[in-house]
Amino acid sequence: MITELRITDLGVISDAVLALHPGLTVVTGETGAGKTMIVTSIDLLLGGRADPKAVRTGARRAVVEGRFSEISAETVRRVEEAGGGLDGGPDGVGDQDGAGIEAELLVARQITPGGRTRAFVGGAQVPIGRIEDLVGDLVTVHGQSEQVRLAGRDRQRELLDRFAGPAQQQRLQSYRARYDELRASHSELDRLRTEAQERAREIDLLRFGLDEIERVAPQPGEDVALAEEAQRLQASDDLRADAAAAIEALAGSDDEAGGALAGLAQARPAIERLAAADSEAKPLAGRVREIGYLLTDLAGELSSYLAGLEVQPGRLEQIAERRFELAGLLRKYGSSCDEVLAWSGQAAERLGTLELADDRIGELTERIAVLQAELEEFAAQLHEARVAAAGEFVERVRGELAALAMPHARLQFELTPVELGPTGADQVDLLFSANPGSAPRSLGKVASGGEMSRVRLAVEVVLADGGGSVTFVFDEVDAGVGGAVAVEIGRRLALLARHRQVIVVTHLAQVAAFADRHFAVVKSDDGQVTTSGVREVAERDRAVELARMMAGIETTESALAHAGELLELASR
């Protein structure tokens, strides 16, 4: 529940603090004083849309802060996952039980005139869109928009399913999971079928390319190797001449001795004699022998190279033909043999994926049939549960309406079969008749504003018995009613407040008389700026406030007497 609400520079409220407690709390005030800002503030704490125009004129920002107690373990878990924590628990964070006033959750919202808004949950800044997921289940706010929603069939179905209990919610979750999968499967199947011709064309192109590459059978780096070989063959005459000249310089010509090896052979005996006669010359002899070995090896390698340069008849033509074949692939699939082979690998993988599409179509067709059957079964279960819950739901709501001075009101749910949709195969319509002899018709078409207010309250009283939020906030739940009906609305709110924290913004003294705690929004005007504050109405002053609500600005003796009667009635 909400233990404290602090409002700064929101609307006409400059600074206000409401210390809230269990039971029924009412907020009253003159028209235009800003009492609806209380509901707006709570809605902002729950992730409601922020209006920059609501920032008080001249203020840098509007700030709303709320403290919540009796936090569920699930809410604690979500808040801690978002980086926040509870105040007042061990080491400053909430205990794992997550309940009790000792551990409180602080939620804050800031709005600037420029439209920038920030939110903090448990001390951690969170995206605005996440607030509802984190703390949206702490409070249920019923403003005038809820009255409009109640007239809609979707909202009526939600209420019926909620009354049907947790088992119905589980069925809805199971149904929705399969419904979403069915929609995704249909979408994928339609796409695969639509793309069938395009897929067939791509398969043919890929197969043609792969066959062409397989026929030519390029090897990694083959194009580079062939280019080098062709260049070498084209320059073979110059290469042979240079190789022969190098061999002659080393070993001499075939018909006469000479060359470096011959000169070294002549020098070697002399150097060896030097080494034998003088120890300092011994290294020279070793070097001569080493040079001889190196020159001999070099001459042999040059001879082998020269032998490899022998003219190979037709080889150059063979290389040209092979390079022509490869060029056909390089024009289509890559600038080198390596790129062509890489394309081949990717094409083979893509071809495998495309060829599996037909198999996927078969799988999807079978899965869709299974999902359709499961959805029909779940839809039947949802329908049966709704039928079973509808009778009890309307009877209990009728009992509440009788207590709200509508003894002849008739309600019934009409369930019309429709095609399978996100919530089953039922169109739910709540029919209503306020008077005997009138045929029930759609609630939103025949109920007046006052009747709709009472139906809304009756529904909430019935649903409150099934659990849900700890705190209910009602804005103008008594719109369009007065007199004895307003007294009964106050009485029902007081009964609801026995099990829930109930906060009501009201303009009727008959409702305010039943409050356990009463706050008044007071407006002051210095001629230039209008400012509102919130004060708690002491018990001794409540009759005066109620009299003001009934009589207007001037409080009369008769109004005071009537207010006293109301307080006495409420106390009973």
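- Inter-residue side-chain proximity for Ile7 and Leu5 is flagged as met; some heavy-atom pair is nearer than 4.5 Å.
- Here the closest heavy-atom approach between residue Pro220 and residue Asp338 is recorded as CA-OD1, 3.4 Å.
- A pairwise comparison of heavy atoms in Gly122 and Val79 identifies CA-CG1, 4.5 Å as the closest pair.
- The closest side-chain donor-acceptor pair between Ser336 and Asp223, if any, does not fall under 3.5 angstrom.
- Under the 4.0 Å criterion applied to side-chain N and carboxylate O atoms, Arg322 and Glu325 are assigned as salt-bridge partners.
- Using a distance-only test at 3.5 Å, with no hydrogens or angles considered, a donor-acceptor pair links the side chain of Gln169 to the main chain of Asp161.
- Listed for the Arg183 side chain is no donor-acceptor partner under 3.5 Å among the backbone atoms of Tyr179.
- Using a distance-only test at 3.5 Å, with no hydrogens or angles considered, a donor-acceptor pair links the side chain of Arg78 to the main chain of Asp133.
- Counting only heavy atoms from C-beta outward, the side chains of Glu202 and Arg350 approach each other to under 4.5 Å.
- Residues Asp9 and Val63 form no side-chain contact, since every pair of their non-hydrogen atoms from C-beta on lies 4.5 Å or further apart.
- A 4.5 Å side-chain heavy-atom check between Arg60 and Thr112 finds every atom pair outside the cut-off.
- Between the side chain of Glu339 and the main chain of Ser335, a donor-acceptor pair closer than 3.5 Å is present.
- Look at Glu363 and Arg360 and you find a salt bridge, because one of the NZ, NE, NH1 or NH2 atoms lies within 4.0 Å of a carboxylate O, short of that distance.
- Contact annotation: the side chain of Leu44 approaches that of Ile111 to within less than 4.5 Å [non-hydrogen atoms, C-beta and beyond].
- Among all heavy-atom pairs drawn from Pro52 and Pro113, the shortest one is CB-O, 3.5 Å.
- Using a 4.5 Å heavy-atom cutoff, the side chains of Asp429 and Phe413 are not in contact.
- Cys337 approaches Gly221 most closely through the heavy-atom pair CB-N, 4.3 Å.
- A side-chain contact (heavy atoms from CB on, under 4.5 Å) with Leu105 is found for one member of Leu138, Asp87, Val76 and no other, namely Leu138.
- Arg6 places no side-chain N or O within donor-acceptor distance of the main-chain N or O of Glu65, the cut-off being under 3.5 Å.
- Counting heavy atoms of neighbouring residues, nucleotides and ligands inside a 6.0 Å radius, atom CZ of Arg61 does not exceed 12 of them.
- In this structure, Thr117 contributes its side chain and Gln110 its backbone to a donor-acceptor pair below 3.5 Å.
- Remark: the backbone N or O of Phe393 is not paired with any side-chain donor or acceptor of Arg398 at under 3.5 angstrom.
- Annotation: side chain of Arg153 is not in contact with side chain of Val428 (no heavy-atom distance under 4.5 Å).
- Within 6.0 Å of the CZ atom in Arg116, the count of heavy atoms belonging to other residues, nucleotides or ligands does not exceed 12.
- Counting heavy atoms of neighbouring residues, nucleotides and ligands inside a 6.0 Å radius, atom CD of Gln372 exceeds 12 of them.
- When side chains are defined from C-beta on, Arg500 does not count as touching Thr471, because their heavy atoms never get closer than 4.5 Å.
- Judged by distance alone, the side chain of Ser433 and the main-chain N or O of Ser438 form a donor-acceptor pair under 3.5 Å.
- In summary, Glu81 and Arg77 engage in a salt bridge, as defined by a charged side-chain N under 4.0 Å from a carboxylate O.
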Glu158 and Arg155: CA distance, side-chain angles, deciding distance, salt bridge (Lys or Arg N to Asp or Glu O under 4.0 Å) verdict: CA-CA 5 Å; Glu158 290 175 7; Arg155 180 57 175 165; 3.1 Å; yes
Steps toward side-chain contact (heavy atoms from CB on, under 4.5 Å) verdict (Glu214, Leu210): CA-CA 6 Å; Glu214 184 180 4; Leu210 290 171; over 6 Å; no
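- In this structure, Arg49 and Asp43 approach most closely via the heavy-atom pair N-OD2, 4.4 Å.
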Chi angles and distances behind the side-chain hydrogen bond (donor to acceptor under 3.5 Å, both in side chains) call for Glu374, Tyr175: CA-CA 8 Å; Glu374 291 180 351; Tyr175 177 92; over 6 Å; no
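- Between the side chains of Arg176 and Gln173, no donor-acceptor pair is found at a separation under 3.5 Å.
- The closest donor-acceptor contact from the side chain of Glu70 to the backbone of Phe68 lies at 3.5 Å or more, if one exists at all.
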side-chain contact (heavy atoms from CB on, under 4.5 Å) between Phe472 and Val141, intermediate numbers included: CA-CA 6 Å; Phe472 286 100; Val141 178; over 6 Å; no
side-chain contact (heavy atoms from CB on, under 4.5 Å) evaluation trace for Leu326 with Leu226: CA-CA 10 Å; Leu326 294 176; Leu226 288 175; 3.9 Å; yes
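- With hydrogens and angles disregarded, a donor-acceptor distance shorter than 3.5 Å links the side chain of Gln501 to the backbone of Ile2.
- With rounding to the nearest 0.5 Å, the separation of OG1 in Thr365 from CG in Leu192 is 9.5 Å.
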Verdict with reasoning, Asn435 to His408, per side-chain hydrogen bond (donor to acceptor under 3.5 Å, both in side chains): CA-CA 6 Å; Asn435 303 304; His408 303 296; over 6 Å; no
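- Using a 4.0 Å cut-off between charged side-chain N and carboxylate O, Asp211 and Arg207 make no salt bridge.
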Evaluation steps, side-chain contact (heavy atoms from CB on, under 4.5 Å), between Arg109 and Arg118: CA-CA 6 Å; Arg109 189 83 181 268; Arg118 297 196 297 172; over 6 Å; no
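- A distance of 15.0 Å separates NE2 in His186 from CZ in Arg191, rounded to the nearest 0.5 Å.
- One distance of note links CZ of Arg157 with CD of Gln427; it measures 11.5 Å at 0.5 Å rounding.
- More than 12 non-hydrogen atoms from other residues, nucleotides or ligands lie less than 6.0 angstrom from CD of Glu74.
- Scanning both residues, Leu463 and Leu159, for their nearest heavy atoms gives CD1-CD2, 3.5 Å.
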